[in-house]
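Since the structure comes first, as structure tokens, the remarks are kept for the end.
From a predicted model like this one, the values you see are computed outputs, not experimental measurements.
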Amino acid sequence: MIISRYWIYLVLVFAIISGTLGLKAQPPITLEVDATQSPQKIIHTHMNIPVSPGYLTLYYPKWIPGEHAPDGPIVNLTGLKFSGNGKTIPWRRDRMDMFAFHLDIPQGVSVLDVKFDYVEPEATSGFTAGASATDKLVVISWNQNLLYPASRLAQDIIFKASLKLPEGWQFGTPLPVARREGNEIEFKPASLNRLVDSPVSASRFYRVVDVTPPGEPIHHEIDFAADSEAALNMSPELTREYTNLVAETGKLFGARHYRDYHFLFTLSDHVAHF
């Protein structure tokens, strides 16, 4: 009896591990965000989600890191369309949870095509629900521009994200870049939680200031996005103070638990304070 229970325990453990590995091995979700119309306060999203025939629930992010409330800005989502193999797939909103969308994936469909727009609000408060674009700059908070499948952990959902910016704009982000061609940037695959925690700031007026202390192996920089060229001015004294700040944190904590560090500064009176 003890031996039988032991083997049952091993089988269950193996099944759990195999199931977890299977989830992580799923193909990434392709996410294309087009911000070329951000000066007009419109962001376009195009996604390809690997699926299987049958019932599917997708979520718009509700709980955003650092906001401590279910305040994902779903009110700004519009023009939602689903299709597979070139044919429209009907959807319905959940009757209780307005962040959830239900679909029945037809036989023969292995990739769900998703399109929608995010309309930038005017309010200059409200964290990621507040304004994040002007005619000169934009802050891409990925949670505004994606959907994700239910019943999977955020760290197990992998996104292959790309971003298209207005011509001539520069950007900063802690998200590793795979390649860039002109105004199109492709990022290395990242889990949903890492993606949402890695915003992109971009602007027509952009400046990068290196604040890495001498002898520090980890790169630190300040990425400025501004509404004007004049707003990018930073005195040598202030640069030295930030460099000293980085050096002092190294001495205080004794370790760097990150690959590199980006201070993202958005210098504008017309976007939210986040």
Side-chain angles (χ1 to χ4, degrees), residues 26-50 61 79 81 83 86 110-120 128 132-148 157-210 212 218-229 231-232 258-268 271:
Q26 291 191 9
I29 296 172
T30 300
L31 171 63
E32 299 172 354
V33 175
D34 184 346
T36 55
Q37 282 193 283
S38 61
Q40 289 79 45
K41 308 297 182 68
I42 301 173
I43 309 293
H44 306 289
T45 287
H46 180 204
M47 302 178 65
N48 284 323
I49 304 176
K81 297 178 181 178
S83 63
S110 59
V111 176
L112 178 65
D113 192 88
V114 184
K115 292 182 179 179
F116 65 87
D117 293 336
Y118 182 82
V119 179
E120 293 282 349
T128 54
S132 55
T134 72
D135 59 339
K136 301 295 193 303
L137 64 82
V138 65
V139 177
I140 298 297
S141 297
W142 297 101
N143 57 276
Q144 297 172 344
N145 309 113
L146 61 82
L147 301 176
Y148 65 94
I157 305 174
I158 305 301
F159 280 82
K160 186 178 180 182
S162 62
L163 174 63
K164 190 174 183 180
L165 295 171
E167 291 288 347
W169 285 29
Q170 299 301 316
F171 72 96
T173 180
L175 201 62
V177 175
R179 66 180 184 89
R180 178 179 184 178
E181 290 186 12
N183 64 333
E184 298 186 28
I185 308 102
E186 181 181 310
F187 300 97
K188 293 182 180 179
S191 61
L192 173 58
N193 57 318
R194 180 60 57 87
L195 182 69
V196 170
D197 209 26
S198 303
V200 180
S201 66
S203 178
R204 174 183 170 188
F205 302 107
Y206 213 85
R207 182 185 178 190
V208 176
V209 176
D210 190 343
T212 308
I218 304 296
H219 180 72
H220 297 71
E221 69 182 47
I222 302 177
D223 300 330
F224 292 100
D227 277 329
S228 68
E229 190 73 39
L232 299 177
Y258 45 82
R259 178 187 56 254
D260 50 20
Y261 201 96
H262 295 251
F263 296 90
L264 300 183
F265 274 70
T266 305
L267 304 173
S268 173
V271 297

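A distance of 6.5 Å separates CG of Leu165 from CZ of Arg180, quoted to the nearest 0.5 Å. Taken from CG in Asn183 to CZ in Phe171, the straight-line distance is 11.0 Å, to the nearest 0.5 Å. A distance of 9.5 Å separates CG in Asp135 from OG in Ser38, rounded to the nearest 0.5 Å. Note that CG of Asn143 and CG of Leu195 are 9.0 Å apart. Values are rounded to the nearest 0.5 Å. Of the inter-residue distances, the one linking Thr134 atom OG1 with Glu120 atom CD reads 10.0 Å to the nearest 0.5 angstrom.
Listed for the Thr212 side chain is a donor-acceptor partner under 3.5 Å among the backbone atoms of His220. Side chain of Ser203 to backbone of Tyr206: no donor-acceptor contact under 3.5 angstrom is found.
When all heavy atoms are compared, the tightest approach of Ala231 to Leu267 is O-CD1, 3.2 Å. Counting all heavy atoms, side chain and backbone alike, Ala226 lies closest to Leu232 at CB-CD2, 3.6 Å. Val209 and Phe224 make their closest contact through CG2-CE1, 3.6 Å (heavy atoms, listed as atom of the first residue, atom of the second, distance). Smallest separation of non-hydrogen atoms from Leu147 and Phe159: O-CZ, 3.7 Å. Closest non-hydrogen pair, Ala190 versus Leu175, comes out as CB-CD1, 4.0 Å. Between Pro199 and Thr173, the shortest heavy-atom contact is O-OG1, 2.9 Å.
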Return a table of donor-acceptor pairs under 3.5 angstrom between the side chains of residues 259-266 and protein atoms on other chains or two or more places apart.
residue: Arg259; atom: NH2; partner: Pro174; partner atom: O; Å: 2.6
residue: His262; atom: ND1; partner: Glu221; partner atom: OE2; Å: 3.2
residue: His262; atom: ND1; partner: Asp223; partner atom: OD2; Å: 2.8

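Annotation: side-chain hydrogen bond (donor to acceptor under 3.5 Å, both in side chains) contacts of Gln37 (sequence neighbours excluded): His44. Thr36 is linked by a side-chain hydrogen bond (donor to acceptor under 3.5 Å, both in side chains) to Asp34, counting only residues two or more places apart in sequence or in another chain. Taking Ser198 as the reference, nothing meets the side-chain hydrogen bond (donor to acceptor under 3.5 Å, both in side chains) condition, with sequence neighbours excluded. Residues passing the side-chain hydrogen bond (donor to acceptor under 3.5 Å, both in side chains) test with Ser191 are Asn193, sequence neighbours excluded. Under the side chain to side chain contact (heavy atoms under 4.5 Å, CB included) criterion, Lys115 pairs with His46, Asp113, sequence neighbours left out. For Pro189, the side chain to side chain contact (heavy atoms under 4.5 Å, CB included) criterion is met by Ile158, not counting sequence neighbours. Checked against side chain to side chain contact (heavy atoms under 4.5 Å, CB included), Thr45 has the following partners two or more places apart in sequence or in another chain: Leu31, Val33, Met47, Phe116, Asn145. Annotation: salt bridge (charged side-chain N to carboxylate O under 4.0 Å, His left out) contacts of Glu186 (sequence neighbours excluded): Arg179.
Side-chain contact between Ser141 and Ser132 is absent, with no heavy-atom pair separated by less than 4.5 Å. A heavy-atom distance below 4.5 Å is not found between the side chains of Val200 and Ile185. Residues Leu192 and Leu146 meet the side-chain proximity criterion, which asks for heavy atoms closer than 4.5 Å.
Legend: salt bridge (charged side-chain N to carboxylate O under 4.0 Å, His left out) pairs involving residues 36-49, not counting sequence neighbours, sorted by first then second residue: Lys41-Glu122. Each salt bridge (charged side-chain N to carboxylate O under 4.0 Å, His left out) pair with one or both residues in residues 187-199, not counting sequence neighbours, would appear here, but there are none. Pairs of residues two or more places apart, or lying in two chains, that qualify as ring pair (Phe, Tyr, Trp, His ring centres under 6.0 Å) and include a residue from residues 174-193 are Trp142-Phe187.
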One pair to check against side chain to side chain contact (heavy atoms under 4.5 Å, CB included): Leu137 and Phe205. What are the steps and the verdict? CA-CA 8 Å; Leu137 64 82; Phe205 302 107; over 6 Å; no
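Within a 6.0 Å radius of CZ in Arg204, other residues, nucleotides and ligands contribute 12 heavy atoms or fewer.
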